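If you're wondering where the values come from, they're calculated on a predicted model, not measured in any experiment.
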Protein chains: 2
Amino acid sequence: MTKNIAKPIAKPIAKPIAKPIAKPIAKPIAKPNAKFKLLDAALLLIRERGYTATTVDELCVAAGVTKGAFFHHFKSKDELGIAAAQHWSATTGAFFADAPYHNLNDPVERLIGYIDFRKDIIEGDIAQFTCLVGTMTQEIYGSNPEIRDACAASILSHAATLEPDIEAAMRDRGVDGDFTPASLAAHTQAVLQGAFILAKATGDGAVARSSVEHLKRYLLLLFEE
Amino acid sequence: MTKNIAKPIAKPIAKPIAKPIAKPIAKPIAKPNAKFKLLDAALLLIRERGYTATTVDELCVAAGVTKGAFFHHFKSKDELGIAAAQHWSATTGAFFADAPYHNLNDPVERLIGYIDFRKDIIEGDIAQFTCLVGTMTQEIYGSNPEIRDACAASILSHAATLEPDIEAAMRDRGVDGDFTPASLAAHTQAVLQGAFILAKATGDGAVARSSVEHLKRYLLLLFEE
DNA sequence: TGACAAGTACCAACCAGTTGGTATGTTTTT
DNA sequence: AAAAACATACCAACTGGTTGGTACTTGTCA
């Protein structure tokens with residue numbers, strides 16, 4: 001075996017690098033360990049190829065870890081699927097929480113700001129702007145209820161962040177239509193998910209952005225005086 | 001081998017059943033041959049499980065044919081995928097062409113009629129009302145351009161059937177907005193595709209119907225005086 | 001402080017079952 | 001008779017998952 005030969009050379013190099021730096025930080029956001037690397041790889045690969053078509057081996061290669069590491073952190077591929085959905089929820093949750101549109105004063109402006117923001121990030125590589133949980137939902141809704149629920153939670157919890165502004169907008173503008181804030185919030189997500197499918201079908205984001213513009217026009221027609 | 005023993009028994013039973021009935025019909029719409037049965041099985045199974053997760057063996061069992069028959073009619077699984085998309089296009093094309101909303105006189109009414117019709121058929125089992133080509137697109141857009149193009153053609157050609165009415169509605173109601181008939185037609189499909197994802201995520205069609213209602217409200221706001 | 005036990009993180013090789021696909025018939029239609 | 005439509009038996013490659021083991025970290029107690 002070459003193990004005993006290669007080891008003493010590689011070991012002293014990797015050892016005393018960056019331990020004291022991480023110490024004072026309360027909770028390191030992203031330790032570059034195997035679990036995190038696998039989840040990160042999953043976010044990209046699954047959006048690119050779909051859940052079923054993405055193999056455990058491919059995930060391991062992309063993450064630069066071995067299969068042993070994979071099954072140390074996840075009991076099964078499906079368990080990684082659940083974790084990936086939750087990881088997606090956390091990642092995108094933080095991303096949208098930091099977005100600038102929250103600073104606007106008017107609820108309608110914030111809402112339109114959100115839509116504009118969503119439209120602006122539809123750009124470049126398709127796998128980069130499409131939605132992990134929307135993709136996974138399509139594939140596993142009938143076969144894996146746990147992944148499906150994790151995906152549903154991700155979509156609906158994101159939609160729920162819009163409800164206060166929608167509710168305020170309805171009250172503010174005197175819109176007491178025959179719909180609930182929750183249903184309109186869900187509708188915005190439906191448009192986005194559908195827009196992603198059109199983008200995938202046509203191979204570019206233009207159709208998707210155009211659809212989001214229609215959604216914006218709808219909101220303006222609802223809430224503009 | 002049991003082959004020579006079992007055969008003479010099974011053969012005479014299946015032989016003289018129903019040949020003369022199909023003969024006088026000029027072009028049988030749906031010959032119950034292996035190819036058609038496989039395509040029909042594909043429509044259901046792929047919508048239920050996704051394209052990748054649906055195996056050739058499962059398709060053969062569902063269609064009641066053997067693998068030999070499968071690869072006699074399709075060079076590969078991917079070729080069946082393309083054929084399934086085209087079969088879907090033909091099937092749904094005929095279905096919508098026969099729908100009652102076409103008899104309405106006003107283009108806006110026809111448009112709203114279409115939306116109502118789409119809403120009404122969101123009912124019952126999820127695999128029954130969701131879209132084959134939308135599902136397939138999500139999975140193979142990056143890996144199989146031919147299937148993707150077949151799916152794109154299916155979605156866009158269906159959207160194109162709405163364009164004349166949208167164009168007439170815009171002319172009629174004096175709506176010369178900053179959007180094209182094609183973009184609004186595409187938007188309707190985006191909403192539907194997204195609605196299907198929400199239905200899959202939540203496990204029932206209510207959210208989907210609600211989203212289609214928002215689409216209807218948008219069209220009414222656009223075209224109503 | 002340092003030795004030592006115990007857990008955590010990881011790895012390479014392997015396994016049984018499944019996958020899409022093929023080779024070679026047999027039957028049915030024309 | 002010949003070609004098309006099907007069936008049977010099989011295979012190589014790949015799949016998710018397991019195995020037995022190593023390296024590193026951490027808690028504990030003398």
Side-chain angles (χ1 to χ4, degrees), chain A residues 1-20 22-23 28 31-39 42 45 49-61 63-81 140 143-144 147, chain B residues 1-20 22-23 28 31-39 42 45 49-61 63-81 140 143-144 147:
Chain A
M1 291 185 195
T2 55
K3 215 161 63 175
N4 291 327
I5 300 162
K7 226 182 341 184
I9 301 165
K11 206 165 63 177
I13 299 167
K15 222 180 183 178
I17 295 187
K19 216 166 73 185
K23 243 186 180 173
K31 265 191 282 182
N33 56 7
K35 186 171 188 177
F36 183 84
K37 283 191 284 183
L38 280 166
L39 285 172
L45 278 187
R49 310 173 191 190
Y51 175 73
T52 314
T54 301
T55 69
V56 173
D57 279 319
E58 285 173 338
L59 284 166
C60 291
V61 169
V65 304
T66 60
K67 230 171 183 179
F70 184 102
F71 285 101
H72 170 71
H73 290 289
F74 307 103
K75 272 183 213 160
S76 63
K77 186 193 174 186
D78 280 1
E79 207 185 63
L80 168 118
I140 49 73
S143 60
N144 192 313
I147 301 183
Chain B
M1 289 191 198
T2 56
K3 214 162 67 176
N4 292 326
I5 299 162
K7 227 181 339 185
I9 302 165
K11 205 165 63 178
I13 299 169
K15 224 177 180 177
I17 296 188
K19 218 164 75 185
K23 241 184 179 172
K31 264 192 280 183
N33 55 8
K35 186 171 187 175
F36 183 84
K37 285 191 282 182
L38 281 166
L39 286 172
L45 279 186
R49 312 174 190 189
Y51 175 74
T52 315
T54 301
T55 68
V56 173
D57 279 319
E58 284 173 338
L59 285 166
C60 292
V61 169
V65 303
T66 60
K67 231 169 182 180
F70 184 102
F71 285 102
H72 172 71
H73 290 288
F74 307 103
K75 271 183 215 162
S76 64
K77 188 193 174 187
D78 281 1
E79 205 186 62
L80 168 118
I140 49 73
S143 61
N144 192 314
I147 300 183

Are the side chain of A:N33 and the backbone N or O of A:F36 linked by a donor-acceptor pair below 3.5 Å?
-> yes

Could you tell me the separation between the CG atom of B:L38 and the C1' atom of D:dC6, rounded to a whole number of Å?
-> 11 Å

Quick one: label B:T54 by what it contacts on the DNA or RNA (base, sugar-phosphate, nothing), any heavy atom closer than 4.0 Å.
-> sugar-phosphate

Nearest heavy-atom neighbours spanning A:F70 and A:S76 | CE2-O, 4.0 Å

Protein-nucleotide distance (B:N33, atom CG; C:dT27, atom C1'), rounded to Å | 16 Å

Take atom CG of A:D78 and atom P of D:dT15, then tell me their distance rounded to the nearest Å.
-> 16 Å

Rounded to the nearest angstrom, tell me the gap between atom NZ in A:K77 and atom P in C:dG17.
-> 20 Å

What's the shortest heavy-atom distance between A:I147 and A:N144, and which atoms?
-> N-OD1, 3.0 Å

Nearest non-hydrogen partners of A:F74 and A:L38, listed with the distance | CE1-CD1, 4.0 Å

Ranking A:E58 and A:K75 by the position along DNA chain D of their nearest nucleotide, the one closer to 5' is A:E58

Using whole Å, report how far CG of A:D57 lies from P of C:dC14.
-> 15 Å

Could you give the CZ-to-P distance, from A:F74 to C:dA9, as a whole number of Å?
-> 11 Å

Please name the pair of heavy atoms, one in B:A42 and one in B:L59, separated by the smallest distance, quoted to 0.1 Å.
-> CA-CD2, 3.5 Å

Stretch residues 66-73 of chain A: residues that reach within less than 4.0 Å of DNA chain D through a heavy atom = A:K67, A:F71

Between the side chain of A:K77 and the main-chain N/O of A:Y51, is any donor-acceptor distance below 3.5 Å?
-> yes

Nearest whole angstrom, please: distance from the C1' of C:dG21 to the CG of B:L59.
-> 14 Å

